Amino acid sequence: MSNIRSTIQQPRFREWLRRMPLSAGRISTELRPFLISLTVHCILFVLMAFWVLPLLSNGTDSTVIEARLLPNNRDAADYMTHEVDFSATNHDQSTLSQFQATVAAEIPAAPIGGESVPVDSPAMPSSQVKVRRGDLQPVTKMTDAELMQDLKLGVRAMAIHGHRGETRVEEADTPTGIASTLEGDLLSIAKDGDAMVVWVLDQSLSMQQDMKVLAEGLVETLKNIEADETSQMQHAVVAFGDNVRVVQSPTFKGLRVAEAIYNLPPDPSGIERTFGSVEWCVDRFFSSKWRGGERQNLLILWTDESGDDYLRLENTIARCLGANVRVDVIGPSAVLGAQTGYTAFPHPADGITYFLPVHRGPDSGFPQKLSLGYWYRGVPATYDESFRGPYQGTSPRWQGGSNLQSMLSGFSPYALTRLSRETGGRYLMYDRPGDRAPFSLEQIRDYQPDYRSLAEIQFQLQRQPLRQIVLASAARTWSGGNLAQTQPDMTFRPAFGGQPHNEFVRSRLVPMLTREIRTAWQDAQAVEEALLPFLMASALQGFQPRPEVSGHRAPMSESDKIEDHRDQNPQERPKNDLNDKEAMDNDDEEANEELKNIPALSADEVQLATLETELNESLLEQLYQNEPSPRWRAWTDLNMGRLLALSVRLREYLVVSTSTLNNVQNLQSETNFVSFSPSARLQGGPPSEQRLAVARRLLQRCIEENRGTPWQVMAERELRDSFGLEVTQRFVPRPTRIMNTPIPPPPPKPQLPNL
């Protein structure tokens, strides 16, 4: 301080202050606005502190909204209120609320974003949706529309992006038809001002011929756009596979674009980073605005697979929306409830047709289809399905093999369709002639899956109990064992032709039967676990809904379709609809008290007789009748019917095989070949008969109410063969060998391409 004081008192310093260009009055004039602003902001800061600090002291909690069985009906909603832990191995404390918690817990979590190695099952939604709330505004007071409102990304929607949030799916028969469809869009966009079109094309070997046809069909259109002096449309061509490369940089020259598409280089890697390639193109070509105004951004993606990085879906959508890019997709139809499909490849080396795997993508974001195999597929012993692909038998190629595991659905794949939907684009579905399902898009449009985000669908599931039951059952078949191959061995041959009876029984029949019985018993237990959600809902008495709040039975009227559309689009729901929950909260509670007093239900009480005689009055049937979607009713009948049918087949196998094993001494003296063949006669007694009666009824209803759909095909396939078994005994004589005849070695396996 003494140094500062001495400095101020020096004559030189006082003279410097006197000669400063700013006077005291000017300093006051310059600082006055700043001081006023500073004072006002300080006051506001103090006031906000008094408001925020109490909230911070109380803490901000996280409310977990679990996926529960919450029907739209008030009676049913109050019927399922309590929350109790449930263990699949302890059914003694099972109640209706435990059943509810069980079903909800069976919808496991799955990653929604990020890159990961895809599995052969669709993505599954999380069983929990977390939302942040403060004590002053609890979640229970917020409406559905407020909770699920779309994020505001701050992008400007031009005319080209006017269809965001709409599911637009069309069909094309040929690459020439694709070019004709694209012509109208390109000409329309070219007239609206500056535009950038990026062609993102699949380099896989299976796409080469289609690219050439597309280029030939687009030549005249691209030339006409170039000749139009008012058009400022540029084109870039990008090829993708394992990597991304620019084949043609942005140009106004239409002929260059067509040549680049025609000469697209192939990529033999078989890897397709579809969504990563879209993000790469967005960053490279659409990151800045075009000079002189805002540019129209269009990305046209053509691929015959969903890609290996489909878990990047939500991240890709966000990048496209941030850059105001519309994505039009030309792609294949989806596999029903599975990721992997197969494409026929006649190999030129041996003339054999191989069915090579491709990631066509599932039709929905959920595993609604059971991972469950069919019996009596007739696969020859010499046919190697792991190398040649699924055995087709006499079934057409689109059924995905005799197991119907990769059957084409006729719907567009979930991931690619959602990408086009959220960016305002269109999905143009194209399948090559040999890979087309017979279901027309118009014929199955009412069965169209939900293409919203997994979080939105998960949130909606809280009030859709039947759908939760279907998902819970399907999830168990995907996670518990290899139920896709459930048929045990039916034929027990001698080690070589003519093996003696005693040696055959000792070394072949007994150990093989023992092993197959053990495996069949494990499969039967897994089937029972998958059946549990259906059985428990069937054993519970249905509630009595009031007509004014009950659901609607198919077929859906136009008004029902509008309401269903509003459920999927809360922002379009009228204000009075958003208050339905509050209106039901004012209803009387008389019926609810009676429903809450249902006694505990143990697993032993889920009797087959109850399942058969009281199914029409059960909770499951009432949920079925109130379900407005024909898709989910079809899954209910098909999945429960198939599980019951398979449980009967396994029971019959266990009865017959165990009886054979326990009575091997009663086999004919020369028998050295034992086989089980289908029979109309059941040997499992009343349990088999009762379950089969319900299974037939459900599967037959599935056929009658879903004509011309994949569900009809799968139900008919299950009912094709008899459910009982009969034992056949034979004697196989020792073959006569020709001396000095060498056994030819098996032919070498050819090298198969990566599609």
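What you see is a predicted model; the values in this text were computed from it and never measured.
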[X] and [Y]: side chain donor to acceptor below 3.5 Å:
X	Y	value
Thr303	Asp202	yes
Gln392	Ser395	no
Gln368	Trp635	yes
Tyr430	Thr174	no
Ser371	Thr477	no
Thr423	Arg164	no
Arg421	Thr167	yes
Gln712	Glu716	yes
Asp363	Ser409	no

Non-hydrogen atoms of [X] and [Y] that approach each other most closely:
X	Y	answer
Leu471	Phe366	CD2-CB, 3.5 Å
Pro362	Gly337	CB-C, 4.5 Å
Ile300	Leu186	CD1-CD2, 4.4 Å
Leu370	Ala474	CD2-CA, 3.8 Å

For [Y], is there any backbone N or O sitting under 3.5 Å from a side-chain donor or acceptor partner on [X]?
X	Y	value
Arg436	Asp431	yes
Asn263	Glu259	yes
Gln399	Met407	no
Tyr262	Val213	no
Asp242	Ile271	no

Discussion item. Before we go on, tell me: are the rings of Trp280 and Phe240 under 6.0 Å apart, centre to centre?
Written reply: no
Practice prompt. Apply side chain to side chain donor-acceptor pair (under 3.5 Å) to Asn706 and Tyr447, showing your working.
Written response: CA-CA 10 Å; Asn706 303 282; Tyr447 295 81; 2.8 Å; yes
Can you tell whether the side chains of [X] and [Y] come within less than 4.0 Å, N to carboxylate O?
X	Y	result
Asp228	Lys191	no
Lys212	Asp210	no
Glu442	Arg445	yes
Glu279	Arg319	yes
Arg326	Asp185	yes
Arg642	Asp637	no
Arg273	Asp308	no

So do the side chains of [X] and [Y] get within less than 4.5 Å of each other, counting heavy atoms only?
X	Y	answer
Gln443	Arg707	no
Arg452	Glu422	no
Leu313	Tyr414	yes
Glu226	Lys253	yes
Trp302	Pro175	yes
Val237	Val246	no
Val329	Thr417	no
Arg295	Asn297	yes

Practice prompt. Assess Arg631 against Phe411: is NZ or CZ under 6.0 Å from the centre of the six-membered ring, and within 45 degrees of the ring's axis?
Written response: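 Satisfied, under 6.0 Å and within 45°.
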Worksheet item: Is the count of non-hydrogen atoms from other residues, nucleotides or ligands lying under 6.0 Å from Arg256 atom CZ greater than 12?
Response: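 No, not enclosed.
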Worksheet item: Where do Glu456 and Ser453 land on the side chain to side chain donor-acceptor pair (under 3.5 Å) test, with the steps shown first?
Response: CA-CA 5 Å; Glu456 291 177 282; Ser453 68; 3.0 Å; yes
Worksheet item: Run the ring-ring contact (aromatic ring centres under 6.0 Å, His included) check on Phe387 and Tyr354 step by step: do they pass?
Response: CA-CA 8 Å; Phe387 183 71; Tyr354 297 85; 5.6 Å; yes
Worksheet entry | Distance (rounded to the nearest 0.5 Å) between His359 NE2 and Glu272 CD |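 The NE2 atom of His359 sits 9.5 Å away from the CD atom of Glu272.
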Item to complete: Could you tell me the separation between the CG atom of Asp173 and the OG atom of Ser180, rounded to the nearest 0.5 Å?
Response: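 If I round to the nearest 0.5 Å, the distance is 11.5 Å.
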Discussion item. Ser333 vs Arg360, test: side chain to side chain donor-acceptor pair (under 3.5 Å). Steps then yes/no.
Written reply: CA-CA 7 Å; Ser333 61; Arg360 298 183 69 125; 3.2 Å; yes
